**Student:** 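Dropping a structure here in structure tokens format, bear with me for questions.
Quick caveat, the model's predicted, so the values are computed rather than measured.
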Amino acid sequence: MSYEEAMAHVVQGFEVIGVTVLAVGSAVSLVRDMLALARGDREAAFDRARRGVGRAILLGLEIMIIADIVRTITIATTFESVITLGIIVLVRTFLSFSLEIELEGVVPWRRASREGEASAP
């Protein structure tokens with residue numbers, strides 16, 4: 001097996017892990033919160049489901065970014081592949097950033113001040 005074939009398998013492994021995290025994490029979150037919904041906890045179940053699915057998406061995207069980086073660095077090191085990687089990472093980072101704001105309700109650089117306000121007596 002050549003180096004490129006081995007790296008292609010590594011990339012494929014990261015992609016499988018990323019998709020698995022997306023699918024399993026979302027399914028677990030939805031099933032858990034459907035059970036809470038059945039117990040009558042409607043509002044909290046919806047909020048937890050959104051947060052759980054959002055976290056699964058964030059983690060899955062991060063893992064798939066690893067796959068893209070490994071692919072570009074080890075397999076296809078052309079100028080075109082680097083530009084493509086940059087665009088993919090920008091899009092996925094924007095998605096991650098947007099999801100994080102939606103989940104936390106505040107931009108990341110304001111989170112520390114918000115947490116400080118919440119812990120103040």
Side-chain angles (χ1 to χ4, degrees):
M1 178 184 308
S2 72
Y3 174 76
E4 288 180 353
E5 290 172 335
M7 289 299 105
H9 289 299
V10 169
V11 167
Q12 195 172 34
F14 275 114
E15 289 173 338
V16 167
I17 292 168
V19 170
T20 301
V21 166
L22 285 168
V24 172
S26 296
V28 167
S29 177
L30 291 173
V31 167
R32 180 191 64 218
D33 296 316
M34 287 172 87
L35 294 173
L37 183 63
R39 290 189 300 266
D41 194 8
R42 184 177 181 180
E43 190 172 317
F46 176 74
D47 188 49
R48 280 193 309 261
R50 283 185 59 228
R51 288 179 180 271
V53 170
R55 287 187 177 117
I57 292 170
L58 283 171
L59 183 56
L61 286 172
E62 295 294 331
I63 294 169
M64 288 194 283
I65 287 173
I66 294 169
D68 293 330
I69 292 169
V70 171
R71 178 185 299 113
T72 300
I73 292 173
T74 62
I75 298 171
T77 53
T78 64
F79 184 71
E80 184 179 310
S81 67
V82 172
I83 296 297
T84 302
L85 172 66
I87 292 169
I88 289 170
V89 169
L90 282 174
V91 168
R92 288 186 179 167
T93 302
F94 175 76
L95 286 172
S96 296
F97 186 73
S98 298
L99 281 168
E100 191 168 337
I101 290 172
E102 184 175 332
L103 291 173
E104 300 297 326
V106 65
V107 291
W109 54 87
R110 299 272 187 196
R111 190 176 312 134
S113 64
R114 183 176 179 192
E115 289 171 357
E117 292 171 7
S119 65

**Student:** Can you sort out the partners of Arg32 under side chain to side chain donor-acceptor pair (under 3.5 Å), two or more places apart, ordered by chain and number?
**Tutor:**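 If we apply the side chain to side chain donor-acceptor pair (under 3.5 Å) test to Arg32, skipping adjacent residues, there are no hits.
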**Student:** Which pair of heavy atoms, one from Ile63 and one from Phe14, lies closest together, and at what distance?
**Tutor:**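 Where Ile63 meets Phe14 most closely, the heavy atoms are CG2-O, 3.3 Å.
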**Student:** Going hydrophobic residue to hydrophobic residue with side-chain gaps under 4.5 angstrom, can you get from Val53 over to Phe46?
**Tutor:**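 Looking at the clustering, Phe46 is in a separate group from Val53.
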**Student:** What residues form a side chain to side chain contact (heavy atoms under 4.5 Å, CB included) with Val16, not counting sequence neighbours?
**Tutor:**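 In terms of side chain to side chain contact (heavy atoms under 4.5 Å, CB included), with neighbours along the sequence ignored, Val16 is linked to Thr20.
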**Student:** Ignoring hydrogens and geometry, is there a side-chain-to-backbone donor-acceptor pair from Ser29 to Gly25 under 3.5 Å?
**Tutor:**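 Pair absent, no side-chain N/O of Ser29 close to backbone of Gly25.
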**Student:** Going by the rule side chain to side chain contact (heavy atoms under 4.5 Å, CB included), which residues pair with Tyr3 if we only count those two or more places apart in sequence or in a different chain?
**Tutor:**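 If we apply the side chain to side chain contact (heavy atoms under 4.5 Å, CB included) test to Tyr3, skipping adjacent residues, the hits are Met7, Thr74.
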**Student:** Once you round to the nearest 0.5 Å, how far does CD1 of Ile88 lie from CG of Asp68?
**Tutor:**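 Going from the CD1 atom of Ile88 to the CG atom of Asp68 covers 4.5 Å.
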**Student:** Taking side chain to side chain contact (heavy atoms under 4.5 Å, CB included) as the test, write out the residues that go with Ala49, two or more places apart.
**Tutor:**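 Listed in chain order: Leu30, Asp33.
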**Student:** Can you tell me how far apart CG (Leu37) and CZ (Arg39) are? Round to the nearest 0.5 Å.
**Tutor:**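 It is 9.5 Å, given to the nearest 0.5 Å.
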**Student:** Who else is in the cluster with Val24 when I, L, V, M, F, W and Y are joined by side-chain contacts under 4.5 Å?
**Tutor:**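 Val28, which link up through side-chain heavy atoms under 4.5 Å apart, make up the rest of the cluster.
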**Student:** List the residues meeting side chain to side chain contact (heavy atoms under 4.5 Å, CB included) with Leu22, not counting sequence neighbours, and say none if there are none.
**Tutor:**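 If we apply the side chain to side chain contact (heavy atoms under 4.5 Å, CB included) test to Leu22, skipping adjacent residues, the hits are Ile57, Met64.
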